Amino acid sequence: MTAWDSLAARRTGIPVFAPGHVWLAGAGPGDPGLLTLDALAGLAQADIVIHDALVDQRVLALAGPQARLEFAGKRGGKPSALQTDISERLIALARAGNRVLRLKGGDPFVFGRGGEEAMTLARGGVPFRIIPGVTAGLAALAAAGIPATLRGINRAVVFAAGHGAEEDFDWAPLARTGQPIVLYMVMHNLERITAAMLQAGIVGSTPAAVIVAATTPKQRVLVSTLERLAGDARAQKLEPPAIVVIGEIVKLRDDLLGAAISAKVSE
Ligand SMILES: C[S@@+](CC[C@H](N)C(=O)[O-])C[C@H]1O[C@@H](n2cnc3c(N)ncnc32)[C@H](O)[C@@H]1O
């Protein structure tokens with residue numbers, strides 16, 4: 001029995017993928033167990049799956065036998081499809097009568113340009129559905145044993161991108177909140193951003209962690225402090241994709257896993 005047969009047998013109200021529609025779905029951080037049932041329904045019914053680089057092969061393997069897989073990835077520094085080309089392709093495929101699953105890593109609306117794609121579909125009059133996904137910022141923390149919130153420690157979590165058009169982003173207002181900061185797409189700028197955060201007033205001994213390839217067999221966790229994080233990550237040769245978290249919540253990993261806060265990489 002396929003995953004789809006099993007889902008169809010157990011669940012009522014499975015959305016039907018109509019020809020000419022686009023589903024803009026989150027694939028989660030990697031582990032196929034973190035895929036939503038609606039995303040699985042999309043994979044099973046789609047005629048074509050247009051996916052990003054960070055969508056795990058184990059997730060793509062759940063596509064139905066009729067589905068054609070098409071890569072439309074964007075990776076920093078490497079040749080990548082233009083956003084306008086991707087959006088136009090979605091529209092053209094839908095107008096040709098295909099069931100088009102646009103599958104993006106994590107959640108499609110969190111640092112994933114899903115908002116732009118949805119707006120283009122709306123403007124083009126193409127019917128579409130948004131399927132949320134488990135975003136890497138939350139999944140990586142949970143997978144590393146770091147609670148995103150804990151009563152008495154924090155009341156908010158800041159999600160920020162370490163890479164963007166405005167490279168002179170002012171970190172001081174975020175630092176002043178005293179709340180943990182979770183950073184996406186930060187590895188290439190880690191030195192500069194951690195320095196900016198120290199400058200913005202975050203104490204150098206604040207616990208910090210890098211979680212690489214969360215929820216995949218390649219997951220690695222580095223626990224350090226803000227002032228040592230960039231050097232430790234370089235020494236350990238940590239590469240994207242990674243989530244960085246800065247804040248007292250990182251210390252809780254100690255209690256959960258019994259690990260000391262020192263520059264240490266664990267599986
Ligand atoms: C373009 S953003 C897409 C974010 C995605 N839409 C989400 O909600 O997770 C790509 C960044 O997400 C983070 N990321 C995605 N998957 C990850 C994973 N399995 N482990 C750690 N970080 C991940 C990394 O910071 C990576 O550079």
Side-chain angles (χ1 to χ4, degrees), residues 27-32 34 51-60 71 73-80 104-106 110-112 134-146 148 159-164 167 169 171 180-199 202-254 256-267:
D31 183 346
L34 298 175
H51 63 93
D52 284 349
L54 284 177
V55 175
D56 196 285
Q57 288 302 321
R58 295 167 298 168
V59 167
L60 294 174
F71 173 68
K74 294 152 99 45
R75 295 300 300 265
K78 298 191 184 147
S80 55
K104 297 170 100 47
V110 178
F111 302 131
V134 179
T135 189
L138 288 175
L141 266 57
I146 300 169
F159 290 100
H163 153 89
E167 295 299 349
F169 186 77
W171 295 100
I181 300 177
V182 175
L183 293 161
Y184 294 67
M185 297 178 282
V186 70
M187 293 309 275
H188 296 306
N189 295 328
L190 195 54
E191 199 97 48
R192 189 169 58 72
I193 287 175
T194 50
M197 288 191 178
L198 290 167
Q199 182 109 35
I202 304 184
V203 177
S205 59
T206 304
V210 181
I211 305 138
V212 176
T215 82
T216 78
K218 293 184 178 157
Q219 175 172 310
R220 294 177 79 192
V221 181
L222 163 73
V223 177
S224 182
T225 58
L226 176 59
E227 64 200 347
R228 297 185 48 184
L229 192 69
D232 289 342
R234 203 179 331 106
Q236 299 287 349
K237 298 188 169 45
L238 299 187
E239 298 277 347
I243 289 291
V244 164
V245 50
I246 298 159
E248 293 301 319
I249 52 170
V250 174
K251 265 201 312 220
L252 304 169
R253 180 169 203 260
D254 244 4
L256 291 181
L257 303 184
I261 301 241
S262 60
K264 178 164 58 68
V265 173
S266 58
E267 297 308 320

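We use all heavy atoms of the structure for the numbers below, so side chains are in, but hydrogens, waters and symmetry mates are not. Source: prediction; values computed, not measured.
When all heavy atoms of L190 and A233 are compared, the pair lying nearest together is CD2-CB, 3.9 Å. When all heavy atoms are compared, the tightest approach of T215 to A143 is CG2-CB, 4.0 Å. For I211 against A140, the heavy-atom pair with the smallest separation is CD1-O, 3.7 Å. The shortest non-hydrogen separation linking L256 to G145 is CD1-O, 3.0 Å. Of all heavy-atom pairs spanning I246 and A208, the tightest one is CG1-CB, 4.0 Å. The minimum heavy-atom distance linking W171 with A160 is given by the pair CZ3-CB, 3.7 Å.
Looking at heavy atoms from C-beta onward, I249 lies in side-chain contact with L141 at the 4.5 angstrom threshold. The closest side-chain heavy-atom distance from P207 to V223 is not below 4.5 Å. Residues V221 and R253 form a side-chain contact, since some pair of their non-hydrogen atoms from C-beta on lies under 4.5 Å apart.
For the atom pair OG1 of T194 and CZ of R228, the computed distance is 13.0 Å after rounding to the nearest 0.5 Å. Atoms CG and CG, from L222 and L229 in turn, are 6.0 Å apart once rounded to the nearest 0.5 Å. D52 CG to K104 NZ: the interatomic distance, rounded to the nearest 0.5 Å, is 4.5 Å. Of the inter-residue distances, the one linking M187 atom CE with I193 atom CD1 reads 11.0 Å to the nearest 0.5 angstrom. Note that the CG atom of L226 and the OG1 atom of T206 stand 6.0 Å from one another [nearest 0.5 Å].
For E239, there are no side-chain hydrogen bond (donor to acceptor under 3.5 Å, both in side chains) partners, not counting sequence neighbours. The ring pair (Phe, Tyr, Trp, His ring centres under 6.0 Å) test applied to F111 returns Y184, not counting sequence neighbours.
Here the side chain of Q199 pairs no donor or acceptor atom with the backbone of A195 at under 3.5 angstrom. Looking only at distances, a side-chain donor or acceptor of D56 sits under 3.5 Å from a matching main-chain atom of R58. Side-chain atoms of K218 never come within 3.5 Å of backbone atoms of A213 as a donor-acceptor pair (strictly under, hydrogens ignored). Of the possible polar contacts, one joining the N189 side chain to the G162 backbone as a donor-acceptor pair under 3.5 Å is found.
Checked options I181, I243, L138, L183; the residue passing with F159 is L138 (criterion: side chain to side chain contact (heavy atoms under 4.5 Å, CB included)).
Remark: E248 CD is packed, more than 12 non-hydrogen atoms of other residues, nucleotides or ligands lying under 6.0 Å away.
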